[in-house]
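Have a look at the structure below before the remarks.
Note on naming: letters A, B, ... go to the chains in the order of the sequence lines (proteins, then strands), and numbering restarts at 1 for each one. Note that the structure is predicted; figures quoted are calculated from it, not measured.
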Amino acid sequence: MEKNFRPDELETKIYDNWVRQGYFHATVNKSKQPFTIIMPPPNITARLHIGHAFTCTLQDTIIRYKRMKGYEALLLPGIDHAALATEVKVTEKLRSEGITKESLGREKFLKVMDDWYKEYGGEILSQFRAMGLSCDWDRQAFTMDEPRCRSVHEAFVRLYKKGYIYEGNRITNWCINCKTALSDIEVEYENNDGSIWYIKYFYEGSDSEYITVATTRPETMFGDVAVAVNPDDDRYQDMIGRKLVIPTTDRAIPIIADAYVDKDFGTGMVKITPAHDPNDFEVGARHNMPIISVMNDDGTMNSYAGKYEGMDRLECRKALVEELKQGGYLLKVERHNNNVGHCCRCHTIVEPFVTKQWYVAMKELAKPAIEAVKNGSVKLIPKRFEKLYLSWMENINDWCISRQIWSGHRIPVFKCQDCGANNVDYTDPTTCAKCGSHNLVQDPDSLDTWFSSALWPFSTLGWPDKTEDLKYFYPTNLMVTAYDIIFFWVARMIFSGIEYTGKPPFSEVLMHGLVRDNLGRKMSKSLGNGIDPLEVINKYGTDTLRLSLLTGIAMGQDAKYGQEKIESARNFINKLWNASRFVIENIKTFDYKYEPIKDLELTIADEWILSSLNDTIASVTKSFDKYDLSVVVATLYEFVWNKFCDWYIEIAKTSLHGTQQEKNRVCNVIVYVIDKILKLLHPMIPYVTETIYQELPVHGPSIMVEDYPTYIKSMRYSDSSKIFESMIEVVKSVRNIRANMNVADSMKAPLYVENVAGYDLTSLGDAMMKLCSGKSIQFVSSKIEGSDVISIHSEVMNLYIRSGDMVDKVSEIARLNAELKKIDAELARSNNLLNNPGFVAKAPKNLVDSEKEKVEKFTKLRATVCENLSKLNG
RNA sequence: GGGGAAUUAACUCAGUUGGUAGAGUGCUUCCGUCACAUGGAAGAAGUCAUAGGUUCGAGUCCUAUAUUCCCUACCA
């Protein structure tokens, strides 16, 4: 074996082999319980960034664990066409080549989209492979492939027929750049340092009597239909019903009363512009007001704006304000802070705009989805996201699902050109169901991409067909996703699953945080600050990437990702590699024979490591089942590095210089432990564990289909553990003294070990000497005494070391004094507790007892330290 | 306006039936020893944001406050 693990050469080979063996493929297997994770399909807009790698790693780690635990594990991969987002990208790309969407026409444009899908889809899938995902390639899906088109179609038709989908002429968020409607959650609000203009509206027929209206968007005044006051506002009672003239025009509008107006804000008078403000739209509707749109769909002013026709809305604002100023209409301007909506795709300022769109009525659909989370049939992890989910669902607005774009799923509504009826019957779209006409034209719009995403947990399993897959793997077990798409996606999957299949689509949702860059910024495609996971893979390997992503994270909590985590992960993998290499190389040097643990004559050290391994297995399994992967990693890190490598392997080196029998014993134990370690770690770091596993003297065809280690009752050795841990304490004390005294290697300080508790320590003698840094210490077989002998006591052994002239007395006295201080603090603490009657009366007995034991122990220790001190001083 | 999260060592972060605070990185000192210098050994380092409360006992539970961030909302 080479000195360092070389992932680059091995990963592809190993991965291909896994695929070839069919390990990733899940089958309908009635004798096993399924565990299903449908992967969130990444947008096909670009290559994957580190955030995707994070989600992928979580999922693959969990699915590998479940597979080893004996489940029929399915990780189903897929990609999302991301209708609008991709169309924006492709349109931009075309524009850079001097081509417009319109000049190509719908059909040709969709061909360009197809090419894009192929290019980026392939790239994303190969990135999945590079990350080592054990996903079932036979079931890979795309939100725009034929089966998924059928699902979407069916879903739309069903909802339509139940009356949940309706066409409405309402005010919607409109992006003047993408020229499409957006759903509420596709609008990002940003704080804007704007202005608020106070404008005089003169009464009709008067040029001196006026009222003042405040607005942040003066250009919309051409669409004003009224000015509203609060019905309870005493100031304005007698004005209601009078008419005002819109400045610079000759159009008159009434003053109306509506409770929407806040008496205490601004002047208490609001101009009502139903076409350009959602609230005004409501007010207008209540009062039967007309809707006057003053803009075109590209954000330029239309003829209602008079001489400003054709001017962009923001330019018009500037010019109009100037005109108002000149005309004496402008009373004052104030700075005003408000939130302005931007298109989440192209970042243009969104205009509220009245258009005809398709909506899903959400009220009824939300009800069972709320219930599912409330009654626990869907669990969100961490739990706090349930509150977030519920508050959104309980206040949900109807979902605008139409987009004025070409890509994506075209709305399956065929409008009869003769009678105007909408035909959604999927089987016969050529004949109008109402009048029999063949003059049908399909709605030109496409569906919001989330409409197809909402079906993902079951469309991927064959729905609406009643497939075996659906029966067996659905409802799925776990959905892993970042918390930022809880509304976009999770909520919609839940209500869709219940609506279409009668069951919630999954029982648990694991919500992780966002991976941020080292400045704490969200990594996003649009910002372009994403780290390419492939770069990390190329430099350090997939295992390092995966392990580094799982280090130091908490579910639902954002994490910064940087070089430190990467290096720490790499170092650990290197450590694991070398510990394994150590034994693998060693068993080649003698006549190694495999023996089961139960046939070996175990030493205290053996029993300690086996016991400790056993505890680790129990703890890891518990954390895994809670999806606390970061804790799993930390637990294994600690065991492998600080227990197995630092102590067991070190002490085993002595046995390796012993008899054939000893060598064979210790190698069998090491191999056994390593085998378990590899299996425990495999879900996180699949490649290095597989590689080492194949080098072990006894191994199966692949570690990924082995059983996950389980806790073994008979492998608890509490006595040995106690002795060995005591020994560790003693060794550390000796090392500490050595380091303090600056003992030269040539000094050979005599050290005597006295057995206190009656345990057999013979097997530890030589090994201990080594661990104490043998060169400067020499073990002696008879007790040593004298004024220069320093003693160290533990529960199972006492140590006596002759300090002689080697002691740096000053620093040793300082060290002992420091220790004395600590001991006194401990004693004070324990005595304090024990003197507290409340503690003694109410605390659990074992705690009280352990405090008593501590007092005893520290009292003894104190005496020793004092004795050593007085010797040094004397 | 409403909701949520965060605040723990120099840095990045863990820490649930409440029981004497942990890791990684960095720092100080020592070590080319035959698994690993991507390493080994020893060590320093924290009023767990603040103030109250509950409790025998609080990083942990409760109530305020401060700072930072996120989500959400119709204040023109």
Using a heavy-atom cut-off of 4.0 Å across all strands, would you classify [X] as base, sugar-phosphate, or nothing?
X	answer
A:Lys387	sugar-phosphate
A:Asp280	nothing
A:Arg384	sugar-phosphate
A:Val631	nothing
A:Ser391	nothing

| Going by the angle between their ring planes, with limits at 30° and 60°, are A:Tyr592 and A:Phe590 parallel, tilted or perpendicular? |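 Perpendicular: the ring planes of A:Tyr592 and A:Phe590 meet at over 60°.
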| How are the rings of A:Tyr483 and A:Phe385 set to each other: parallel, tilted or perpendicular (split at 30° and 60°)? |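 Ring orientation of A:Tyr483 relative to A:Phe385: parallel.
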Whole-Å distance between [N] [atom2] and [X] [atom1]?
X	N	atom1	atom2	answer
A:Ile692	B:A35	CD1	C1'	11 Å
A:Lys383	B:G4	NZ	C1'	16 Å
A:Asn836	B:G19	CG	P	17 Å
A:Asn586	B:C36	CG	P	11 Å
A:Arg581	B:U38	CZ	P	13 Å
A:Lys732	B:A41	NZ	P	9 Å
A:Asn574	B:G39	CG	P	7 Å
A:Lys653	B:U33	NZ	P	13 Å

Taking only the side-chain nitrogens and oxygens of [X], find out if one of them lies under 4.0 Å from OP1 or OP2 of [N].
X	N	answer
A:Trp641	B:G40	yes
A:Lys575	B:G39	no
A:Arg735	B:A42	yes

No-H, no-angle donor-acceptor pair, [X] side chain to [N] base, under 3.5 Å:
X	N	answer
A:Lys3	B:A35	no
A:Glu826	B:U20	yes
A:Glu650	B:A41	no

For A:Asp625, check side-chain contact (heavy atoms from CB on, under 4.5 Å) against everything at least two apart and list the hits.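 Testing A:Asp625 for side-chain contact (heavy atoms from CB on, under 4.5 Å), a comparison that skips the adjacent residues, returns A:Tyr65, A:Lys66, A:Thr621.
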Quick one: pull up [atom1] in [X] and [atom2] in [Y] and give me the separation to the nearest 0.5 Å.
X	Y	atom1	atom2	result
A:Leu182	A:Trp174	CG	CH2	9.0 Å
A:Phe624	A:Tyr627	CZ	OH	10.5 Å
A:Lys575	A:Tyr637	NZ	OH	9.5 Å

In B/S/- notation (B base, S sugar-phosphate only, - none; protein heavy atoms under 4.0 Å), nucleotides 68-74 of chain B written 5' to 3' is ---SSBB
Distance between [atom1] atoms of [N] and [M] (Å, rounded):
N	M	atom1	value
B:A41	B:U33	C1'	12 Å
B:G59	B:G53	P	15 Å
B:G40	B:A10	C1'	24 Å
B:U47	B:U12	C1'	22 Å
B:C31	B:G24	C1'	23 Å
B:G4	B:C61	P	14 Å
B:A23	B:G18	P	23 Å
B:A5	B:U63	P	12 Å

Would you call [X] and [Y] a salt bridge, using N to O less than 4.0 angstrom?
X	Y	result
A:Glu819	A:Lys822	no
A:Lys263	A:Asp232	no
A:Glu351	A:Arg313	yes

Whom does [N] pair with, Watson-Crick or G-U wobble, provided both distances fall under 3.5 Å?
N	result
B:C61	B:G53
B:U20	none
B:U7	B:A66
B:C27	B:G43
B:A73	none
B:C34	none

Any idea which of [options] is nearest the [X] side chain?
X	options	answer
A:Phe839	B:A76, B:G19, B:A44	B:G19
A:Thr216	B:A35, B:G24, B:A76	B:A76
A:Phe582	B:U38, B:A76, B:A35	B:A35
A:Tyr637	B:G24, B:U20, B:A76	B:G24

For A:Val840 and A:Asn571, find the nucleotide of RNA chain B closest to each by heavy atoms; which residue's nucleotide sits nearer the 5' end?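 The residue closer to the strand's 5' end, by nearest nucleotide, is A:Asn571.
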Exercise for the section: Take A:Lys626 and A:Pro844, find for each the nucleotide of RNA chain B with the closest heavy atom, and name the residue whose nucleotide sits nearer the 5' end. Expected result: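 Its nearest nucleotide being more 5', the pick is A:Lys626.
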Can you name the nearest heavy-atom pair linking A:Met362 to A:Asp398, along with the distance?
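It is N-OD1, 3.0 Å.
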Give every pair of a protein N or O atom and an N or O atom of nucleotides 11-13 of chain B that lie under 3.5 Å apart, one pair per line with the distance.
{"residue": "B:C13", "atom": "O2'", "partner": "A:Gly552", "partner atom": "O", "Å": "3.0"}

Do [X] and [Y] meet the criterion of a side-chain donor-acceptor pair at a distance under 3.5 Å?
X	Y	result
A:Thr859	A:Lys857	no
A:Arg581	A:Asn578	yes
A:Glu334	A:Tyr198	yes

